[in-house]
Protein chains: 2
Amino acid sequence: MSDRPVIRPLPAIDRARQVTDALADYIKSAQLKAGDRLPAERELMSALMVGRSTIREAIRHFQALGVIETRKGSGTYLLKPVSKATIHMPLSLDTGHLRDALLQTLEVRRGIECEACMVAARKRTDTDLVLIEQNLNEMERVHIEKGTSGPEDLAFHLAIYDATHNPLFRQLLEQMRETFWQFWEHPFEREDFARRSFPFHRTLFNAIAAQDVEAAREETLKILDVVEEDIKEMSK
Amino acid sequence: MSDRPVIRPLPAIDRARQVTDALADYIKSAQLKAGDRLPAERELMSALMVGRSTIREAIRHFQALGVIETRKGSGTYLLKPVSKATIHMPLSLDTGHLRDALLQTLEVRRGIECEACMVAARKRTDTDLVLIEQNLNEMERVHIEKGTSGPEDLAFHLAIYDATHNPLFRQLLEQMRETFWQFWEHPFEREDFARRSFPFHRTLFNAIAAQDVEAAREETLKILDVVEEDIKEMSK
DNA sequence: TCGACCAAATTGGTCTGACATCTTAGCATT
DNA sequence: AATGCTAAGATGTCAGACCAATTTGGTCGA
């Protein structure tokens, strides 16, 4: 009588995982690092005792997950280390306009980045603090020298995320950046943005150094407010 | 002189996208909704004028992204609507122990859920409020009746996320739940959890109703603290 | 008439083989 | 020594065949 049975008999996690798991095992057992080249498809074929099409589909799986990159005529390369214990969390954001997507993403970033800085302020070790300060100094140096400091700004923030000792923060924020860099030149590259957000980076560092959780949150919000201004101005 | 050129010649978004884009176009143009069945591989083959292996690899792509499900002998089915404008953001969390993964995920959820409730408190319309209250009443009713209220609790939170008018919040949190439900029975199902987190849901609703942003944040934190207790107790 | 059972058609899963296209490295020529 | 070319090797694609699971339709029997 039910025209669309919601309850599936749940074969659930099925055979498709077998080959991808086998490939993940192979990558793990071979101790492959990011940037390394995987064996050729015909080698994996005989190594895993399966046909080439099966190998290719497993490769496509990890390619869709952003773990692997294939270059025609050259080979397939590992972008991020992976093991069978890796948990994949694919997200799909369907939006008509890029401006909306950027603003929506920024709202989420407010939550994640503030929490990351708060956790970093709470959990940071002295070693973390040294790394963060090094990146901050380098960023300020390049900023005075060249006017912009895109890569150095990114490195500073990544150092903070690493201080949370929670890899998920870095994963999430790095992925959000990479995803949207395909469509939009990030304001970090612009001189105007660097100038306006400049002072807040030092105050953010001071808050993390003093382990002042609330201050870390407020300084992060100030930086993101500058980003929001840029998005609204740029895409109108 | 550089032994590992960081700068890639950037074929970047290459040919692999062509077929997947074509498949996304096909899905969009055919007005397929979630749950619908896609044409058979052999039909898509002739429809898109490509070989079957190419079709299969495109299907594997969307399958890895959690958009499509294939059932042997039956067909391939759409799980989530997709268009060419869909932006995919795959995440990989590599962790040795499930307990660590859950706690790390919880830290991120603190950031996202708090922000979602804050945004909801700010942006909610009266229509949103009615929907949230309906779900809250239903949840309390079932709780009194059965002792637990797993699905109703989820529906309540989803209604809040929808009140943000930002689909990314719901996407992110739904995906985090789905991902980890494969490995762990969520405490929402447990009577103990429902009892302890019970009062905070009503206060959270009141905060959103009053558009009190700070209160919404604090009540959300209280709920998540209960979750944290459960994770720490459950996995020791 | 209704239910159970069976067989054929349909569909995804896999393997094999072949060819095209691109990359890379080594060789030969200048 | 620098340059250009060729061949080997890699991925990308197509075609055809067969297997395994599901679905569907019809037949048979109670």
Side-chain angles (χ1 to χ4, degrees), chain A residues 1-5 7-23 26-27 30 32 35-64 67-79, chain B residues 1-5 7-23 26-27 30 32 35-79:
Chain A
M1 194 61 63
S2 59
D3 58 349
R4 180 135 1 126
I7 302 154
R8 280 176 280 147
L10 192 59
I13 303 118
D14 46 330
R15 298 87 193 167
R17 272 205 137 173
Q18 300 212 342
V19 188
T20 56
D21 276 353
L23 185 56
Y26 189 93
I27 292 171
L32 294 186
D36 286 351
R37 205 192 115 193
L38 274 73
E41 293 175 355
R42 290 174 178 81
E43 291 177 41
L44 287 172
M45 200 175 111
S46 52
L48 298 182
M49 298 278 291
V50 291
R52 194 178 157 215
S53 56
T54 308
I55 287 291
R56 284 186 59 79
E57 288 179 14
I59 288 176
R60 276 283 187 279
H61 176 89
F62 287 111
Q63 195 183 28
V67 170
I68 270 181
E69 182 193 38
T70 66
R71 302 181 206 163
K72 185 175 179 177
S74 175
T76 73
Y77 299 83
L78 208 60
L79 294 179
Chain B
M1 196 57 69
S2 58
D3 58 347
R4 173 95 54 92
I7 303 152
R8 279 177 280 150
L10 194 57
I13 304 117
D14 45 330
R15 299 89 193 169
R17 271 204 135 173
Q18 300 214 342
V19 189
T20 57
D21 276 353
L23 186 56
Y26 189 92
I27 293 171
L32 295 185
D36 286 350
R37 206 192 114 190
L38 274 73
E41 294 175 356
R42 292 170 179 84
E43 291 178 40
L44 287 172
M45 200 175 114
S46 51
L48 298 182
M49 297 277 292
V50 292
R52 195 177 160 210
S53 57
T54 309
I55 289 288
R56 284 187 59 78
E57 288 178 15
I59 289 177
R60 271 288 204 275
H61 175 91
F62 288 111
Q63 195 182 27
L65 263 37
V67 170
I68 271 180
E69 182 193 39
T70 64
R71 302 182 208 164
K72 187 173 181 180
S74 174
T76 72
Y77 298 83
L78 208 59
L79 294 180

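Numbers restart at 1 for each chain; the letters A, B, ... are given by sequence-line order, proteins then strands. In this text the structure is predicted, and so the values were computed from the model without any measurement.
In this structure, D36(A) CG and L79(A) CG are separated by 11.5 Å, a value rounded to the nearest 0.5 Å. Of the inter-residue distances, the one linking I68(B) atom CD1 with L38(B) atom CG reads 5.0 Å to the nearest 0.5 angstrom. For the atom pair OG1 of T20(A) and CZ of R60(A), the computed distance is 15.0 Å after rounding to the nearest 0.5 Å. Within the model, atoms CG of L32(B) and CZ of R37(B) stand 11.5 Å from one another, a figure rounded to the nearest 0.5 Å. In this structure, CD1 in I59(B) is found 5.0 Å from OG1 in T76(B), a value given to the nearest 0.5 Å. In this structure, CD1 on I55(B) lies 10.5 Å from CD on E57(B), to the nearest 0.5 angstrom.
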Atom pairs, protein N/O to nucleotides 18-20 of chain D N/O, distance under 3.5 Å:
none

When you compare the protein's N or O atoms with those of nucleotides 6-8 of chain C, which come within less than 3.5 Å of each other, and at what distance?
none

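The salt bridge (charged side-chain N to carboxylate O under 4.0 Å, His left out) test applied to R52(B) returns E41(B), not counting sequence neighbours. Annotation: side chain to side chain contact (heavy atoms under 4.5 Å, CB included) contacts of S74(A) (sequence neighbours excluded): R71(A), Y77(A). For V67(B), the side chain to side chain contact (heavy atoms under 4.5 Å, CB included) criterion is met by S92(A), F62(B), L65(B), L78(B), V82(B), H88(B), not counting sequence neighbours.
If you find the closest nucleotide of DNA chain C to E57(A) and to G75(B), the one lying nearer the 5' end belongs to G75(B). Comparing T54(A) and S74(B), the nucleotide of DNA chain C nearest to each residue sits closer to the 5' end for S74(B).
Computed from coordinates, the I55(B) CD1 to dG12(D) C1' distance equals 14 Å when rounded to whole Å. Here the C1' atom of nucleotide dG12(D) and the NE2 atom of H61(B) are 17 Å apart, to the nearest Å. Atom CE of M45(B) is separated from atom C1' of dC14(D) by 8 Å (rounded to the nearest Å). I68(B) has its CD1 atom 11 Å from the P atom of dG12(C), to the nearest Å. The interatomic distance linking E69(A) (CD) with dG12(D) (C1') rounds to 16 Å, in whole Å. Rounded to whole Å, the distance from CD on E41(A) to P on dT13(D) is 11 Å. Between E43(A) atom CD and dG9(D) atom P there is a gap of 11 Å when expressed in whole angstrom units. Here dT11(D) presents its C1' atom at 19 Å from CZ of F62(A), a figure rounded to the nearest Å.
Comparing atom distances between the R60(A) side chain and each of dT11(C), dG12(D), dT14(C) picks out dG12(D) as nearest. Relative to the side chain of R37(A), the nucleotides dT14(C), dT13(D), dA10(D) differ in distance, and dA10(D) lies closest. The nucleotide whose nearest atom lies closest to any side-chain atom of T76(B) is, among dG12(C), dT14(C), dT23(D), dG12(C). Closest contact between the side chain of R56(B) and the listed nucleotides dG13(C), dT11(D), dC14(D) involves dG13(C).
The two residues A64(A) and H61(B) have their closest heavy-atom pair at CB-ND1, 3.3 Å. Nearest heavy-atom pair, A58(A) versus V19(A), reported as atom, atom and distance to 0.1 Å: CB-CG1, 3.9 Å.
Residues T70(B) and Q63(B) have side chains that bring a donor and an acceptor to within less than 3.5 angstrom of each other.
With axes fitted over five pairs at each extremity, the angle between the ends of the helix from dT1(C)-dA30(D) to dT30(C)-dA1(D) is 10° (10° resolution).
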